[in-house]
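Written below as structure tokens is the structure these notes are about.
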Protein chains: 2
Amino acid sequence: MNEDVEGDRPQRAAKRPDEGFQGRRTTTLSDVARLAGVSIATASKALNGRAQVRAETRTKVLAAAEQLSFSPNGLARSLLSGRSGTVGLVTHDLEGRFSIPTLMGAEDAFGSGKVSVLLCDARGDSIREQHHIQALLGRRVDGLIIVGARPDPRPSLGNMPVPVVYAYAPSDDPQDCSLVTDNVGGGRMGVEHLVACGRTRIAIISGDASYGAAKDRVIGAQQALDEAGLELVGGQALFGAWTEDWGRGAMRGLLAKHPDVDAVLCGSDQIARGCLDALRESGREVPQDVAVMGHDNWEVLASNARPPLTSIDMNLEELGRRAAARLFEAMEGNPAHGIETIPCRLALRSSTAS
Amino acid sequence: MNEDVEGDRPQRAAKRPDEGFQGRRTTTLSDVARLAGVSIATASKALNGRAQVRAETRTKVLAAAEQLSFSPNGLARSLLSGRSGTVGLVTHDLEGRFSIPTLMGAEDAFGSGKVSVLLCDARGDSIREQHHIQALLGRRVDGLIIVGARPDPRPSLGNMPVPVVYAYAPSDDPQDCSLVTDNVGGGRMGVEHLVACGRTRIAIISGDASYGAAKDRVIGAQQALDEAGLELVGGQALFGAWTEDWGRGAMRGLLAKHPDVDAVLCGSDQIARGCLDALRESGREVPQDVAVMGHDNWEVLASNARPPLTSIDMNLEELGRRAAARLFEAMEGNPAHGIETIPCRLALRSSTAS
DNA sequence: TTGTACGCGTTATCAA
DNA sequence: TTGATAACGCGTACAA
């Protein structure tokens, strides 16, 4: 049991109380300095590319660092600089469809640089949210992104010691910085596309009326209809649930009462899938007889539909990237206020190709 | 522009060079100590519930901390303790279906306690993976979880300064600790369920043959068929793609050649959805005439199917939790080795209810 | 060009 | 019971 390995300074071996893993101490800057035969300060300057160091010395230090596979301790750096280089991302919809692209966008916008994302799932529970936020603040995150589960306003966190950006679900305080998808614009875009395809007998099968998203999309669609001088088939949008079942049932009812319908704008891709099924079973051809549009552009549903489904894409990744950008700006001292709306995008497939 | 706000110690105001946000310095332990009229050491003890402090003093300190809404600097703590209380989670499939539940399980297992998750998306790129790992190591994560995009073995990261656990995609080094889903067992479970439902003319429509998962599931199914003394309808499993289209086409072919088939085990829920469509259009009743099973238990596909789809659930959340647990053990000095397999679970719905 | 010394915010150890 | 002090690992004035 004599310590004849790693011959250098065995007397430190017993100093650390609680060596969880492998008992191998991580190498520090002073290890590098010692091996290179210089002071810690010089080693630091050499490694950080400071100018005041002789080329030969720098080479020596770099070699030593390489040999010891030195990696500077970010915690120590952060402690010194006052910024941790991390942001907290608290999501309320990790299992769901909406937070993931947002998260990807944010991770994307940060990832390349020197910022890492600490992820927490609060699952719609404000107690848990508070808990996570305290933990993140304790870790001295430089900022927070709060991702909601649905686009309805949520209570503000109030004054926080770091900048906060709300994504998908806006804060109810207009002083906060929020980013949301443009549901009104999405609905409008849907109708405009159908009109451009030459449709005039348009119906809307929306989702759960308790969601602001459902109503907003209908509002936008109605605006576009008005501008085109068209009446909604059936007189009003149909509200129900975000399911295929609802889409099927509603479509059947619609066909029974208004067999001359030539386009259906759906509140989600799931609803649209139900519509497509009902139409096929009634013998209608899509898009020849009836055009169908979804919303969300959920790839697995839209691409695999028969025919593949034209859908409104909410640009969630862009929303995430933008949230990250806004947070970044706020961290630099230029906070934005109010609600910023990210425009939708048309994902064109065959279900409307006129 | 006189500083007559926050009256306390304005002379420090100009000390910090780079006040990104609000110019408000975060309160430190020494602020608390000063306000409470005690030393830093005493304040620390009081806040951490150490015994050697008078009750009255503790109250005083607690009050001061409360008043200043003090939150201890985790970075300083970590620097001292040598553990950051964070783990890095590198995923290769953030947009996909499999990493999210795994991630949730891991977040769940850690989240309640004192560990936070740093998330990185490497997108299947080993360069990016290496980059992220270096960044995480620089942040002194206490461990790493590597989540693959599919269950085929992947190259080991080799010796790392912290414990590593591989989830979903195992490492090719048996000395590493990996957790995977039981694809063989899942296939077996599928056939056993169909046999228990009284089916004897079973066919298999699998996915992309280049995936180990596709082949493994078939192997397990074949074992169960052998044990039941049954022959596979068509003599062999059909391989194709992970799409509804493939499921539809394959099912049609199957019905043409083997109209007496009474059960189909599918390689995924998407494939199963295609099967169901083809069966319905051929006039077959599910499950009366033909039972159909999926794999993955992808809620949005399985629950909304007609009829709702029985599926094999891979227990990915459990896999994530287990990965977190194994990582935790390794961090405590008890690393596990080899590949651990998480059993599947039957998600029973109407498409097989005999 | 190099080295010394200080501070970042905590906790633990000792002495008072 | 309390307080001064030494770490933790690094960057950076300042002195040599």
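Predicted, not measured: the structure shown is a model, and the values here were computed from it.
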Practice task
Grab the CG-P distance between L29(B) and dA4(D) for me, whole Å please.
Solution key: 14 Å
Practice task
Can you label the angle between the F98(A) ring and the Y168(A) ring as parallel, tilted or perpendicular, going by 30° and 60°?
Solution key: parallel
Handout entry: salt bridge (Lys or Arg N to Asp or Glu O under 4.0 Å) partners of R77(A), counting only residues at least two apart
Key = none
Handout entry: Minimal non-hydrogen separation, P163(A) against D142(A), with atom names
Key = CD-O, 3.4 Å
Handout entry: Close side-chain approach of E95(B) to D93(B), heavy-atom, < 4.5 Å
Key = yes
Problem - R140(A) and S71(B) side chains, donor-acceptor separation under 3.5 Å - result: yes
Practice task
Specify the residues of residues 35-56 of chain B, ordered by number, for which at least one heavy atom lies under 4.0 angstrom from an atom of DNA chain D.
Solution key: V38(B), S39(B), A41(B), T42(B), K45(B), Q52(B), V53(B), R54(B)
Fill in the blank from the handout: Taken to the nearest whole Å, CZ/R83(A) to C1'/dG9(C) is 18 Å
Problem - Residues S116(B) and R139(A): side-chain donor-acceptor under 3.5 angstrom - result: yes
Handout entry: Sub-4.0 Å heavy-atom contacts from residues 66-78 of chain A onto DNA chain D, ordered by number
Key = F70(A), P72(A), N73(A), A76(A), R77(A)
Handout entry: Partner of E329(A) by side-chain contact (heavy atoms from CB on, under 4.5 Å), out of R326(A), M331(A), E332(A)
Key = R326(A)
Practice task
Could you check L62(A), D31(A), L29(A) and say which one makes a side-chain contact (heavy atoms from CB on, under 4.5 Å) with F70(A)?
Solution key: L29(A)
Exercise for the section: Could you check how far CG of L80(B) sits from P of dC8(C), rounded to whole Å? Expected result: 16 Å
Handout entry: Protein-nucleotide distance (L79(A), atom CG; dA7(D), atom P), rounded to Å
Key = 17 Å
Problem - Distance in angstrom units between R34(A) CZ and dC10(D) P, rounded - result: 12 Å
Handout entry: Side-chain N,O (T28(B)) to OP1/OP2 (dT10(C)) below 4.0 Å
Key = yes
